[in-house]
Amino acid sequence: MAKGHRGKGILDLFARGRGTCPVCGASGIKLLYEQEADGQKVKVCKPCRAAIKHGKKSIPSQPAAVAE
């Protein structure tokens, strides 16, 4: 399998898809996964997406400023 095009889809995203996760507060992390929160879609990091899926974390009602 060729590895030359991995990650090509995030190159056109703002800041290469990186920002601060509204759930865990980690900065400089890839925010590629959309989650529903109070009728709005919020982008979260991969570990938080898994934790939300398994019921271990929840999305805050007022997310912090998220880079989109």
Side-chain angles (χ1 to χ4, degrees):
M1 171 197 250
K3 299 178 185 177
H5 302 292
R6 289 188 182 180
K8 184 180 177 189
I10 65 172
L11 292 179
D12 59 345
L13 296 176
F14 176 75
R16 305 271 197 252
R18 295 179 183 267
T20 303
C21 180
V23 178
C24 64
S27 61
I29 196 164
K30 293 180 191 172
L31 303 175
L32 301 176
Y33 305 94
E34 289 186 352
Q35 292 290 320
E36 233 3 87
D38 298 330
Q40 296 179 352
K41 290 190 176 183
V42 179
K43 291 200 174 206
V44 297
C45 63
K46 188 175 184 178
C48 288
R49 180 189 64 111
I52 292 167
K53 179 180 175 184
H54 296 316
K56 296 185 179 189
K57 288 187 181 180
S58 63
I59 300 173
S61 59
Q62 292 293 332
V66 177
E68 290 188 29

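Residue C21 holds its SG atom at 7.0 Å from NZ of K57, rounded to the nearest 0.5 Å. Atoms CG and CZ, on L31 and R16 in that order, are 15.0 Å from each other to the nearest 0.5 Å. Atom CD of Q35 is separated from atom CD1 of I52 by 4.5 Å, given to the nearest 0.5 angstrom.
Residue S27 comes nearest to T20 through the heavy atom pair CB-OG1, 3.8 Å, listed as atom of the first residue, atom of the second, then distance.
Counting only heavy atoms from C-beta outward, the side chains of K41 and E36 approach each other to under 4.5 Å. For the pair P22 and V44, the minimum side-chain heavy-atom distance is below 4.5 Å. Residues C24 and C45 are in side-chain contact: their nearest non-hydrogen atoms beyond the backbone lie under 4.5 Å apart.
R49 places no side-chain N or O within 3.5 Å of a backbone atom of Y33 that could act as its donor or acceptor partner. Checked by atom type and distance alone, the side chain of R18 never pairs as donor or acceptor with a backbone atom of I29 at under 3.5 Å.
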| task | Evaluate the side chain to side chain contact (heavy atoms under 4.5 Å, CB included) criterion for residues V42 and E34: first the C-alpha distance (whole Å), next the side-chain angles of each, then the deciding distance (0.1 Å), finally the verdict. | result | CA-CA 5 Å; V42 179; E34 289 186 352; over 6 Å; no
